[in-house]
Amino acid sequence: MLNFCPERIYVERSVKDESITANILCKFSSVPIEYVENPKILIKKAALAKDAISKGKRRIFVTKYKGKVLKKCPGTKYHICCNYYVLNIATNCYLDCTYCVLQSYLLNNPLLVVFANIEKFLKGLEEVFSRKNGKFYRIGTGELTDSLALDGITNFSKILVPFFAKWNNTILELKTKTDSISNLYRLDHKERTVVSFSLNPQRIIQNEEPNTSTLKDRIEAARICQELGYRLGFHFDPLIYYHGWEEGYYETVKALSERIDPGRIVWISLGALRFMPNLKPIIKERFPHCKLIYEELFPGLDSKLRYFKPIRVEMYRKLLKFIRSYNPGIFVYLCMETREVWERVFGWSPMSNTHLGHLLDERVR
Ligand code: SF4
């Protein structure tokens, strides 16, 4: 289990009586609390602070979500995406991966934001799911945060998992780099929640994913979720190219195969390291030891920096080979890759985002 204690908690007055707020305050009764009337002033101050990113990760801001409840994952231009929907119940993360894109996405608000008005989310989802339009919704909470890192504090999963269990036209994916699954033990999930773990070789976890759970603990958490009847997903994302990567990923897949029943795995994704160029100076400043940014990285059509195409293809092919030798039937897909790379890795490519989305939906319908 991970340890986290914020330095300060800010609570917007309008959510002071929400149950999520009570959960957070109860957990950290000795942490200073400040009630906020004007969030804009707080956020501006946090964004302008010296060392804003590191400081923001240690300060929780409990506030109200005001936007559209369900959003399409923005994906990335000219690449095949999986037609995913995102539910942003929180933004930012106290874990501190060197390559985390949130460092550059959340510059305007670096606080660890928790949206406490859960009723708005449930009402919005209910409205969408009851439309009976034949659509299926794959939804994740892990786009702008780690789905489970704060779960022992907020208890969101205790509300969301039983809620999703009531619907057969949707699936919730909780994606994490932690082993924080204690809330998942006694929930009536009816297999409408997929618990997904992002994996990397332990050496990468140690060097590039500070504060996250070890590989061994993540796999053990996955094994427990399997025992609890949840379906599982795994994400080798970002795949990191380093001296010894082949052996590192082979050992990682091997460790997975020794503990997990492939029949419970609904999907495994592969996605090579990628980020917008403005993340580079941030990584350089925050993690002077980090070598990832000194690899040869080239801008793609979406402006993101990636490894040279032949390297990505080689990594995907190898990973696919390792996974296929563990079990040939596991559904493997690429995250944010071009049609050409798909074809070179698999010998075929989805025709569109909708096609890939449909293939994934079929795994969990
Ligand atoms: S766990 Fe995910 S959200 Fe958190 S720091 Fe790492 S990459 Fe970012």
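Everything numeric here is computed off the predicted structure, so don't read it as measured data. Here, residue 1 is the first one in the sequence, and each next residue gets the next number. Ligands are counted one by one from 1 in listed order, and the atoms in each one are counted from 1 as well.
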**Student:** Do Tyr230 and His189 have ring centroids that are under 6.0 Å from one another?
**Tutor:**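 Judged by ring-centre distance (under 6.0 Å), His189 and Tyr230 do meet the cut-off.
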**Student:** Check each atom of ligand 1 against the heavy atoms of Lys177 and keep those under 4.0 Å away; list them by number with element.
**Tutor:**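 Near Lys177, meaning under 4.0 Å from one of its heavy atoms, ligand 1 has 1 (S), 2 (Fe), 7 (S).
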**Student:** Hey, which of Thr63, Asn38, Asn117, Thr21 is the one that makes side-chain hydrogen bond (donor to acceptor under 3.5 Å, both in side chains) with Glu12?
**Tutor:**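 Among the candidates, only Thr63 passes.
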**Student:** Tell me whether Cys97 has at least one N, O or S atom under 2.8 Å from atom 8 (Fe) of ligand 1.
**Tutor:**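 Given the 2.8 Å cut-off, Cys97 does not count as a ligand of atom 8 (Fe) of ligand 1.
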**Student:** What atoms of ligand 1 come within less than 4.0 Å of a heavy atom belonging to Cys93?
**Tutor:**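 Those qualifying, in numeric order: 1 (S), 3 (S), 4 (Fe), 5 (S).
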**Student:** For the rings on Phe164 and Phe129, is their centre-to-centre separation under 6.0 Å?
**Tutor:**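 Yes, close enough.
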**Student:** Could you list the atoms of ligand 1 found under 4.0 angstrom from a heavy atom of Leu102?
**Tutor:**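 Ligand 1 atoms under the 4.0 Å threshold to Leu102: 3 (S).
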**Student:** Taking the ring of Tyr249 and the ring of Phe322, is the distance between their centroids below 6.0 Å?
**Tutor:**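 No, the ring centres sit 6.0 Å or more apart.
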**Student:** Which ligand 1 atoms does Asp146 reach within 4.0 Å, using its non-hydrogen atoms?
**Tutor:**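 In order of numbering, the contacting atoms are 1 (S).
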**Student:** By number and element, which atoms of ligand 1 are closer than 4.0 Å to a non-hydrogen atom of Leu95?
**Tutor:**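 In order of numbering, the contacting atoms are 1 (S), 4 (Fe), 5 (S).
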**Student:** Walk me through it: do Glu209 and Arg218 pass the test salt bridge (charged side-chain N to carboxylate O under 4.0 Å, His left out)?
**Tutor:** CA-CA 13 Å; Glu209 300 178 354; Arg218 290 183 211 179; 2.8 Å; yes
**Student:** Anything under 30° is parallel, anything over 60° is perpendicular, the rest tilted; go ahead and classify Phe298 against Phe308.
**Tutor:**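 Tilted, since the angle between the ring planes falls between 30° and 60°.
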**Student:** Looking at atom 8 (Fe) of ligand 1, what's its closest protein heavy atom, distance included?
**Tutor:**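 Residue, atom and distance for the closest contact: Cys100 SG, 2.3 Å.
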